[in-house]
Chemist: 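Sharing a structure, written as structure tokens. Questions coming.
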Amino acid sequence: MSLPAATAESRVVITGASSGIGAALGESFARRGYSLILIARREDRLTELADRLRSRYLVDVDVIACDLADAAAREELLDQLKVRETSIICLNAGFATYGRIAELDAAREREQVALNVVAVHDFVVGLLPKMIFRGSGAILITGSTAGNQPSPNNSTYAASKAFANTLAESLHAELAGTGVSCTLLAPGPVRTEFGQVADLGAIEEHLPDFAWVSAEQAAEAALRGLAAGRRRIVPGVIAKVQDVGGRLTPRSILSPILRRVYGDMR
Ligand SMILES: NC(=O)c1ccc[n+]([C@@H]2O[C@H](COP(=O)([O-])OP(=O)(O)OC[C@H]3O[C@@H](n4cnc5c(N)ncnc54)[C@H](OP(=O)(O)O)[C@@H]3O)[C@@H](O)[C@H]2O)c1
């Protein structure tokens, strides 16, 4: 399976494109000649990225500022996207919170589920039928290695990424033979604004340098995997170990270890 061809009319949609992995995905696609629709809330960041990609790679880039956690805004956005040609969709916007769920702000926890789960699902059910009818397209869903394992003090996030991981891998199998592919990007630690948004504090400092990959490395791995029609992409050696460990280690062993790790580090 190869990626749908890059044409000026047919766009790559990237959510969470104003920073981190999403911005790097924008750069990676533009470098290969793809025209883009960049989505996030911070319009100034999106506009700055769009200007740079247009002048450097001579591609068309549209910017849409949208709060994807807001159901009405999401519906309006999807109505706009449904009447456009979208060949590749990268569902990447997301954030985490850290702390005991009962002590965290309930509204922020709900916002996390709305963005990491409901918005991803809305995009899939809204945009996939047209891709299947056309017989071509590709979907990239950014889950996480955190979605493979129980993560105390990171419960809403881990559960939301379990949804993303399972949705992506289910679709990968379900879509076989339709001309449309679905690939999971399940990163471990990536240097972005993610830790700052989640208020992870010292947790990140406990991770050695070699555990990290850059947003650019994650994005390039994602594009190579997407082009190859892969089911799951885990960028970086340490993340691959975490990925396998999180999936195969019995919960009775893993849970107490992770309780210590996530509980003591901040
Ligand atoms: N970094 C890691 O270690 C890591 C590991 C595994 C998985 N991931 C996943 O990778 C994805 C990208 O994260 P990142 O690491 O690149 O973090 P990031 O730099 O914080 O980027 C998050 C992106 O999501 C957007 N976003 C947040 N809330 C939004 C909302 N309500 N509506 C629309 N857009 C929203 C942000 O844009 P605005 O603030 O401008 O809206 C930003 O563009 C996330 O799904 C994350 O869970 C990250």
Side-chain angles (χ1 to χ4, degrees), residues 13-28 36-50 63-78 90-98 107-120 122-123 140-149 151 154 156-165 167-168 184-200 203-207 211-219 221-222 232-236 238-240 242-243 246:
V13 175
I14 304 172
T15 71
S18 61
S19 70
I21 298 169
L25 284 170
E27 180 96 31
S28 291
L36 309 170
I37 300 174
L38 304 177
I39 300 166
R41 290 167 305 180
R42 286 170 293 178
E43 192 166 9
D44 52 338
R45 292 273 203 106
L46 294 176
T47 302
E48 202 179 296
L49 176 64
V63 157
I64 304 179
C66 178
D67 181 351
L68 293 171
D70 180 301
R74 216 164 49 228
E75 196 180 332
E76 198 179 308
L77 169 68
L78 278 166
C90 302
L91 303 175
N92 168 77
F95 74 90
T97 51
Y98 181 82
R108 183 78 172 147
E109 294 303 284
R110 279 195 290 272
E111 186 187 336
Q112 194 176 173
V113 174
L115 181 66
N116 297 6
V117 176
V118 184
V120 172
D122 278 359
F123 267 72
L140 179 76
I141 296 179
T142 308
S144 172
T145 51
N148 305 330
Q149 62 191 40
S151 303
N154 200 212
T156 301
Y157 182 69
S160 75
K161 290 300 175 179
F163 177 89
N165 290 3
L167 179 69
L184 166 67
L185 172 63
V190 186
R191 290 226 188 264
T192 66
E193 296 170 18
F194 178 80
Q196 195 185 317
V197 174
D199 193 19
L200 288 179
I203 288 185
E204 295 204 314
E205 288 158 27
H206 288 271
L207 287 173
W212 295 87
V213 299
S214 68
E216 291 70 28
Q217 287 169 321
R232 169 185 284 247
I233 302 154
V234 182
I238 298 300
K240 284 186 176 66
Q242 188 194 351
D243 184 57

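Fair warning: this is a prediction, and the values are worked out from it, not measured in the lab. Remember, it's 1-based here, ligands and their atoms both numbered in the order they're listed.
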Chemist: Salt bridge check: are Glu48 and Arg45 linked by an N-O gap of less than 4.0 Å?
Modeler: no
Chemist: Strictly under 4.0 angstrom, heavy-atom based: which residues surround ligand 1?
Modeler: Gly16, Ala17, Ser18, Ser19, Gly20, Ile21, Ala40, Arg41, Arg42, Cys66, Asp67, Leu68, Ala69, Asn92, Ala93, Gly94, Leu115, Thr142, Gly143, Ser144, Tyr157, Lys161, Pro187, Gly188, Pro189, Val190, Thr192, Glu193, Phe194
Chemist: Who pairs with Asp243 by side chain to side chain contact (heavy atoms under 4.5 Å, CB included), at least two apart in sequence or on another chain?
Modeler: Thr145, Asn148, Arg232, Val234, Arg247
Chemist: If the condition is salt bridge (Lys or Arg N to Asp or Glu O under 4.0 Å), which residues does Glu27 pass it with, not counting sequence neighbours?
Modeler: Arg52, Arg56
Chemist: Quick one: which of Leu46, Thr47, Ile64 gives a side-chain contact (heavy atoms from CB on, under 4.5 Å) with Leu38?
Modeler: Leu46
Chemist: With distance as the sole criterion, is a donor-acceptor pair present between the side chains of Thr156 and Glu109 under 3.5 Å?
Modeler: yes
Chemist: For Tyr157, enumerate each residue passing the ring pair (Phe, Tyr, Trp, His ring centres under 6.0 Å) test, keeping only those at least two apart in sequence or located in another chain.
Modeler: Phe194
